[in-house]
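Inspection log for the structure reproduced underneath, given as structure tokens.
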Amino acid sequence: MPSARSPAEPARIPDPGPFRYPWRPSRAPPMQDHYEPAAIEAAAQRHWEQAGTFRAVEDPARAKYYCLSMFPYPSGRLHMGHVRNYTIGDAISRYMRMQGRNVLQPMGWDAFGLPAENAAIANGVPPARWTYDNISMMRRQLRSLGCGLDWDREVTTCRPEYYRWNQWLFLRMLERGIAYQKTGTVNWDPVDRTVLANEQVIDGRGWRTGALVEKREIPMYYLGITRYAEELLGALAALEGWPERVRTMQANWIGRTEGVTIGFPYELDGRREELRVFTTRADTLFGVTFVAVAAGHPLARHAAASDPALAAFVAECERCSGTEAEQATQDKKGMPTGLTVLHPLSGRALPVWVGNYVLMAYGEGAVMGVPGHDERDFAFAQRYGLPIRQVIDVDARPYASDAWQPWYADHGRCIASGRYDGLGHEAAVQAIAADLEAAGHGGRQVQWRLRDWGISRQRYWGCPIPIIHCAGCGAVPVPDADLPVVLPEELVPDGSGNPLARLHSFVDCACPRCGRPARRETDTMDTFVDSSWYFLRYASAGNDASMVDARVGYWLPVDQYIGGIEHAILHLLYSRFWTKVMRDLGLVALGEPFANLLTQGMVRNAIYFRKPASGRIVYYSPADVLLETDARGTPVGARLKSDGLAVESGGIGTMSKSKQNGVDPQAIIDRYGADTARLFMMFAAPPELSLDWSDEGAEGAFRFLRRLWKVVHVHVTGPDHPPLEPAALDAADRELRRLAHQTLAKVGDDYGRRRTFNTAVAAVMELLNAVGRHAPATPAGHAVVHEALELAVLMLAPLVPHISHALWQALGHERAVVDEPWPAVDALALRQDAVLLVVQVNGKLRGHISVPVDADEALVREAALADLNVRRFVGSLAVRRVVVVRGKLVNVVAG
RNA sequence: GCGCGCGUGACGGAACGGGUAGACGUAGCGGACUUAAAAUCCGCAGCCGCAAGGCGUGAGGGUUCGAGUCCCUCCGCGCGCACCA
């Protein structure tokens with residue numbers, strides 16, 4: 001996903017000032033000679049807790065940095081995706097902290113949702129109990145991971161003190177008409193008598209009952225996100241800190257299309273009506289030979305009322321159209337309604353068909369059929385024997401209606417179109433739109449793909465919608481003074497409808513308007529509502545008097561948001577919308593909540609399975625499989641450890657329960673420590689790419705930390721050394737020192753600008769390898785090693801904070817490493833006398849030359865041409881040109 | 001079908017603005033240490049070749065002194081999504 005490469009950190013990093021030499025030749029307290037992660041991780045975490053290190057306090061004098069990872073759904077245990085997400089966020093947070101920023105890194109729980117109800121159905125435990133238990137478990141796991149989180153700002157969306165503000169803002173939207181009621185279609189399980197989520201419908205049947213799912217029209221609440229379509233689309237361009245890919249996806253989802261709405265007049269029961277369609281190809285209007293409507297279109301329903309065959313077809317269309325994707329894959333089918341409409345310009349009569357490929361939700365729910373120039377209409381016309389008419393000419397190419405050619409859909413000049421003949425695409429669209437408008441049959445229009453956001457869910461474990469239904473007054477908003485409408489937490493759903501609806505103490509109430517007995521709304525809100533503003537609440541934590549307060553002005557926008565690519569559309573779009581609504585209500589000053597976005601890749605693992613003759617595939621955990629390799633290490637087969645028999649490889653896939661290829665992060669933390677888990681996650685791949693789990697890789701990360709520990713141990717138990725004097729070093733010491741500062745410059749760039757933690761780790765590994773090879777001959781040499789080790793520990797501190805905490809102490813420091821500033825690069829250390837240049841002849845590598853760093857081009861050229869191997873390859877050829885790239889290479893062009 | 005990406009050793013990946021392809025790690029091989037194994041340390045390691053050298057970044061073409069990187073065509077894989085009219 002390189003297009004989604006992390007953007008540059010736009011904020012200016014303060015100048016750290018001149019380089020200082022902070023070392024004291026003090027002896028550190030005695031150091032354990034073995035790396036024992038459990039003990040040092042507990043000690044480091046205890047220190048942060050006692051010092052309140054990560055408690056964020058607003059301070060207008062300091063530049064803030066709001067680093068936010070998407071909060072988890074409390075499903076039970078942390079999975080590797082969480083570990084990756086929170087390690088990336090923590091690394092960025094700790095790095096920015098070292099840069100002197102006032103960092104806020106909060107955490108919370110997206111605690112409402114369907115899995116809690118499913119668990120309740122399976123185990124008979126109230127969703128609340130299950131959810132709160134999971135939260136305690138996962139909070140403990142997050143602490144053991146060592147994330148620098150401000151737990152004082154924890155947000156739990158299933159708590160009334162949070163969701164009361166969902167209700168409060170919903171009422172404000174209702175007052176302004178942004179929230180409104182209309183009917184919507186839901187999946188109805190006739191056996192369980194309950195509404196099913198899309199994911200609970202499998203092949204058109206209810207997941208528990210297997211009953212054929214029916215469609216039902218029920219009243220629901222909607223949020224008018226389409227009013228913000230223009231702004232949501234337009235503002236994308238300014239979100240420079242977002243991956244291009246996500247912006248494109250959102251733009252496609254919002255889907256702005258310019259076209260023409262065309263009304264086809266008809267008479268029905270003596271009344272003059274118009275069938276409206278939307279098209280981007282108004283220039284093909286004279287090629288229309290039929291009009292197709294969606295199964296849910298009023299005309300289709302009208303015709304079906306008196307035609308049983310059509311009624312059956314309409315019912316069939318409606319049954320299988322669970323999702324739009326599903327509808328997209330089915331065979332294109334249709335049926336005539338027997339009705340006709342008139343062409344608005346030619347007056348010709350056109351048949352009206354019902355087509356299963358026409359979407360009720362987009363445009364007008366009807367399309368004009370132009371088989372001559374639309375591939376889908378062409379197939380439809382061929383199947384049902386409808387006329388095909390050419391009305392666009394492209395370079396006088398011969399048109400034949402027996403087979404589709406791709407160029408039929410190209411723009412060209414109108415023919416057989418009366419007075420529009422000869423016009424090009426744009427001119428024809430203009431002219432036809434103008435004439436339609438003059439005739440009162442339509443005109444130019446902008447169409448959006450985006451639809452309003454239906455938030456009603458017929459489910460228990462969610463935020464109650466604050467409405468009371470009164471026989472006399474209708475749907476009455478709950479008065480602000482009566483908020484929150486508290487969700488009772490002791491109910492246990494059993495799969496047959498919403499248990500709230502059967503709880504009289506919840507449902508029975510008095511109408512706030514007339515006082516007569518009334519019924520409380522039992523629908524709850526879509527959980528995307530909860531996650532649409534939690535990032536604002538972190539900045540207003542604990543405020544019982546208002547939804548948000550002035551602290552939002554300090555912390556927002558989020559400087560860095562980190563989460564999975566699967567949220568690229570819905571969550572991020574809803575959050576942007578919600579923020580804009582709050583802005584328009586005067587609650588916040590900002591219009592976009594997330595300045596920079598990092599979408600992390602999936603965590604994957606190998607998949608192994610057997611497919612027995614009985615047919616059902618059985619998956620095996622990679623931990624239970626032994627790989628066989630040939631002499632070169634190429635895998636040739638795999639066997640199950642338990643029975644020694646072969647298993648098939650299913651490649652690599654996202655970790656999932658169904659594929660049995662998940663790895664429990666807790667097991668890794670228990671075995672190697674949190675630092676190893678974190679280091680492996682950050683080293684194995686750049687954050688935006690998918691990451692493949694590898695036991696050996698985790699082992700390798702652990703090995704590196706153990707070696708780091710050992711190198712520091714050997715150093716601090718070695719001879720004393722004087723303070724570093726950079727000016728008086730021998731060549732080898734100077735070289736190590738140059739590498740150390742070069743590495744520091746690279747790692748700072750990798751963390752801050754590129755967000756490529758994997759290459760930063762590789763660079764520190766190289767530095768440590770060099771330190772291991774370096775045999776200091778003098779006390780001054782030990783001072784250089786000391787500096788290199790200190791820099792290594794500081795550089796690794798954002799990634800592996802626990803071992804860094806311990807090693808920093810061992811190197812003789814009283815202040816905790818977490819409070820240290822990011823070290824400054826010593827420009828003097830980077831200075832080199834000579835530089836090695838690559839020499840090519842005709843673009844091929846033929847040698848290297850060493851030249852003074854300030855050598856001019858003539859000197860470099862001369863040195864290159866003097867090189868023996870260069871002379872050998874140039875031979876008798878004439879040197880036509882010598883390209884010199886300063887500090888890099890010389891290319892001798894000969895021929 | 002459309003849109004957006006991505007194809008580099010056995011594997012994960014590196015190569016940042018067109019300038020030494022394969023950093024770093026994993027797996028592998030050889031050696032040291034050990035009664036032995038593990039751990040650790042040292043070394044080898046893209047392919048062909050004794051070497052000199054040649055060939056190599058999915059395939060083919062182009063631009064350039066120079067292409068993994070830019071452009072075109074094709075193939076494969078992944079993700080997203082609309083039969084969007």
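Chain identifiers are assigned alphabetically (A, B, ...) following the order of the sequence lines, protein sequences preceding nucleic acid strands; residue numbering begins at 1 within each chain. Worth knowing before you read on, the calculation uses all heavy atoms, side chains too, and leaves out hydrogens, waters and symmetry mates.
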### Value in whole Å for how far the P atom of B:rA67 lies from CG of A:Leu845
14 Å
### Task
Measure the distance from CH2 on A:Trp353 to C1' on B:rA85 and round it to the nearest whole Å.
18 Å
### Query
Taking the six-membered ring for Trp, are the ring centroids of A:Phe683 and A:Phe757 within less than 6.0 Å of each other?
no
### Message
Taking any heavy-atom pair under 4.0 Å as a contact, classify A:Val893: base, sugar-phosphate, or nothing.
### Response
sugar-phosphate
### Summary
Any strand, both distances under 3.5 Å, Watson-Crick or G-U wobble: B:rU73 pairs with B:rA59
### Strand partner of B:rC33, provided both Watson-Crick or wobble distances fall under 3.5 Å
none
### Message
By nearest atom, which of the nucleotides B:rA85, B:rG12, B:rC4 is closest to the A:Asp692 side chain?
### Response
B:rG12
### Task
Side chain of A:Arg376 only, please: which of B:rA85, B:rA21, B:rG53 is the nearest?
B:rA85
### Query
For A:Val879, which of A:Val892, A:Val870, A:Val841 qualifies under side chain to side chain contact (heavy atoms under 4.5 Å, CB included)?
A:Val892
### Message
Please report the distance separating the C1' of B:rU20 from the corresponding atom of B:rC65, rounded so that it comes out in whole Å.
### Response
16 Å
### Query
When you compare B:rA27 with B:rA39, how far apart are their P atoms, in angstrom units rounded to a whole number?
9 Å
### Query
What's the closest nucleotide to the A:Lys844 side chain, out of B:rA21, B:rC16, B:rC55?
B:rC55
### Query
If only side-chain N and O atoms of A:Arg449 are considered, is one of them under 4.0 Å from the OP1 or OP2 phosphate oxygen of B:rC2?
no
### Task
Please answer whether the main-chain N or O of A:Ala760 pairs with a side-chain N or O of A:Asp750 as donor and acceptor at a distance below 3.5 Å.
yes
### Task
Using whole Å, report how far CD1 of A:Ile849 lies from P of B:rG19.
19 Å
### Message
Work out how far the C1' atom of B:rG62 is from that of B:rG30, and round it to whole angstrom.
### Response
47 Å
### Interatomic distance, A:Leu691 CG vs B:rU26 C1' [rounded to whole Å]
13 Å
### Task
Would you state whether a donor and an acceptor, one from the side chain of A:Arg753 and one from the base of B:rC16, lie under 3.5 Å apart?
yes
### Task
Starting from P on B:rG66, measure out to CZ on A:Arg880 and report it in whole angstrom.
13 Å
### Query
Is A:Arg256 salt-bridged to A:Glu230, going by a charged N under 4.0 Å from an acidic O?
yes
### Message
Less than 6.0 angstrom from the centroid, inside 45 degrees of the normal: does A:Arg706 satisfy that with respect to the ring of A:Tyr35?
### Response
no
### Summary
Atom CZ of A:Phe680 and atom P of B:rG13 are separated, to the nearest Å, by 10 Å
#### Entry: Opposite nucleotide pairing with B:rA15, Watson-Crick or G-U, both atom distances under 3.5 Å
none
### Summary
Nearest-nucleotide check on RNA chain B, A:Thr248 vs A:Trp253; residue mapping nearer the 5' end is A:Thr248
### Task
Using a 4.0 Å heavy-atom cut-off across all strands, classify A:Arg886 as base, sugar-phosphate, or nothing.
nothing
### Task
If B:rG53 has a Watson-Crick or G-U wobble mate with both distances under 3.5 Å, name it; if not, just say none.
B:rC48
### Query
Base, sugar-phosphate, or nothing for A:Asn252, non-hydrogen atoms under 4.0 angstrom?
sugar-phosphate
### Query
Which sits closer to the 5' end of RNA chain B, A:Arg773 or A:His848, going by the nucleotide each is nearest to?
A:His848
### Query
Side chain of A:Gln390, backbone of A:Ile392: donor and acceptor closer than 3.5 Å?
yes
### Query
How would you label the contact of A:Gln840 with the nucleic acid (heavy atoms, under 4.0 Å): base, sugar-phosphate, or nothing?
base
### Task
Assign the ring pair A:Phe264 / A:His343 to parallel, tilted or perpendicular, where the plane angle (0 to 90°) is split at 30° and 60°.
perpendicular
### Under-4.0 Å side-chain N/O to phosphate OP1/OP2 contact, A:Arg706 with B:rU40
yes
Please list, for nucleotides 22-25 of chain B, all pairs of protein and nucleotide N/O atoms separated by less than 3.5 Å.
residue, atom, partner, partner atom, Å
B:rA23, O2', A:Glu766, OE1, 3.2
B:rA23, O2', A:Glu766, OE2, 3.0
B:rG25, OP1, A:Asn769, ND2, 3.4

### Query
If we only count heavy atoms from C-beta on, is the A:Phe680 to A:Leu691 side-chain gap below 4.5 Å?
yes
### Query
When you compare B:rC2 with B:rG56, how far apart are their C1' atoms, in angstrom units rounded to a whole number?
36 Å
### Task
Determine the Euclidean distance between corresponding C1' atoms of B:rC11 and B:rG61; express it in Å to zero decimal places.
32 Å
### Query
Rounding to a whole Å, what distance do you find between A:Leu836:CG and B:rU20:P?
13 Å
### Query
Does A:Glu258 come within less than 4.0 Å of A:Arg281, counting only side-chain N to carboxylate O?
no
### Query
With rounding to whole Å, what would you report as the distance between B:rG22 and B:rU40 at their C1' atoms?
27 Å
### Query
Checking all strands, does A:Phe380 fall into the base, sugar-phosphate, or nothing category for heavy-atom contacts under 4.0 angstrom?
nothing
### Task
Classify the glycosidic conformation of B:rG9 as syn or anti, calling it syn when the angle lies within 90° of 0.
syn
### Separation of atom CD in A:Glu696 from atom C1' in B:rG13, rounded to whole Å
16 Å
### Task
Provide the distance between the two P atoms, one in B:rC4 and one in B:rA59, to the nearest whole Å.
24 Å
### Message
Just so I know, are the side chains of A:Trp353 and A:Val358 near enough to count as touching, which here means a heavy-atom distance under 4.5 Å?
### Response
no
### Query
P atom, B:rG58 versus B:rG9: distance in rounded Å?
8 Å
#### Entry: Pairing partner (Watson-Crick or G-U wobble, both distances under 3.5 angstrom) of B:rU26
B:rA10
### Query
Is A:Arg881 near enough to B:rC65 that one of its side-chain N or O atoms lies under 4.0 angstrom from OP1 or OP2?
yes
